Amino acid sequence: MELKLSNVKETLGGEAKLKYLKKPIFILAILAVLAAVFAGGVFVGLEKARFSYGWRENYYRNFIGERRRPMMGPGRGDDRSSFGMMPFGRPPFDDYFNAHGVAGEIISTGSSTASTTTLVIKDKENTEKNILINGQTVIKSRRQDLKSADLKIGEKIVVIGAPNDRGQIVAKLIRVAENFFDDLIK
Amino acid sequence: MDNPPSPDLYDRVIAKINREHKLLLIKRRLFLYSFSLVASSGALIPLGKNLYQDLLRSDFLEISSLLFTDFKSVVANLPDFTLSALESAPLLSITLAGLFLVGFVYSSAKLIGFFISLNKFNKNLI
């Protein structure tokens, strides 16, 4: 080990020159960390934007149904008023949603195919999210494993998953949450 | 009649000037770090409240609680868990509160160091 260190010092021009290199190396390391953090932020932002776009584009299909068209008539607010009255209100067009996880209350259950179940949950900002449960989804309540049919309307759940291009979250883990954090707020 | 100056007068004068200069520097730094301590502690209170409110409003606490309840499942889905935690974390509040906390701790450490050096300086004078 000592031999290798002395080789490094010789290559860099001796111990005196090594002292001058410490500051630039430190600055480069800080810049590399900042660049990595920035890249991480861009990646997370893109994921949120992609999911939010899919959520808005597929809003009617996910929450109202493909066959029903938006009714004409006065709606809530401004330039989107031609969409008419919606069961869950006008979708927020200026928000970005978390794409890989959500915590909220189940407001609707249903099944789209034989192998998948969809849930609609209302998150803390009263925005509806579509959760897709398939054969790989792990559902837990306390220490028990549950099936999708065991989930009831009104239950509070925490979901971890991956977004699809239809603005849905394909759940990988669902935990039926206790009211711990509600008690904290109260 | 003439009183010649003592041979060490020059050294004593220079030593006195140096001591006064050091004392002035210590006082200036004491003032600077005291101000920084008061400012950072004053800012920490509203920032801490803001951080608490943001954490409750976001899903971060619920998602991070999964680490304790479903550790194996979280590890099996680590990329999705990490992304969901990053997406839900109120990063701006955390960063601001963290920065001011670091400032508070740094100012406190510097002030303690300066009080110790001031104490030593006074003892040297005596």
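Fair warning: this is a prediction, and the values are worked out from it, not measured in the lab. Each chain gets a letter, A, B and so on, in the order the sequences are listed, and its residues count up from 1.
- Heavy atoms only, all atoms of each residue included: B:D80 and A:A162 are closest at OD1-CB, 3.9 Å.
- In this structure, the separation between NZ on A:K48 and CG on B:L83 is 11.0 Å, given to the nearest 0.5 Å.
- For A:K140 against B:D70, the heavy-atom pair with the smallest separation is CD-OD1, 3.0 Å.
- The local environment of CZ in B:R12 is crowded, with over 12 non-hydrogen atoms from other residues, nucleotides or ligands closer than 6.0 Å.
- Of the possible donor and acceptor atoms, one in the side chain of A:K124 sits under 3.5 Å from a partner among the backbone N and O of B:L56.
- Enclosure of atom CZ in B:F100 is not indicated, since only 12 or fewer non-hydrogen atoms of other residues, nucleotides or ligands lie within 6.0 angstrom.
- Nearest heavy-atom pair, B:S84 versus A:I160, reported as atom, atom and distance to 0.1 Å: OG-CD1, 3.3 Å.
- At a threshold of 4.5 Å between side-chain heavy atoms, the hydrophobic network of Ile, Leu, Val, Met, Phe, Trp and Tyr places A:I169 and B:V74 in two separate groups.
- By the criterion of side-chain heavy atoms lying less than 4.5 angstrom apart, applied directly or through intervening Ile, Leu, Val, Met, Phe, Trp or Tyr residues, B:L92 is not grouped with A:F38; the two fall into different hydrophobic clusters.
- In terms of heavy-atom pairs under 4.5 angstrom with chain A, the leader among B:T82, B:L66, B:L91 is B:L66.
- Both A:I139 and A:I107 are members of a single hydrophobic cluster when ILVMFWY side chains are connected at heavy-atom separations under 4.5 Å.
- Listed here is the closest heavy atom pair of A:A103 and B:D59: N-OD2, 3.4 Å.
- The distance from the CG atom of B:N77 to the CD atom of A:Q136 is 10.5 Å, given to the nearest 0.5 Å.
- The cluster map of Ile, Leu, Val, Met, Phe, Trp and Tyr, joined by side-chain heavy atoms under 4.5 Å apart, puts A:I133 and A:W55 in the same cluster.
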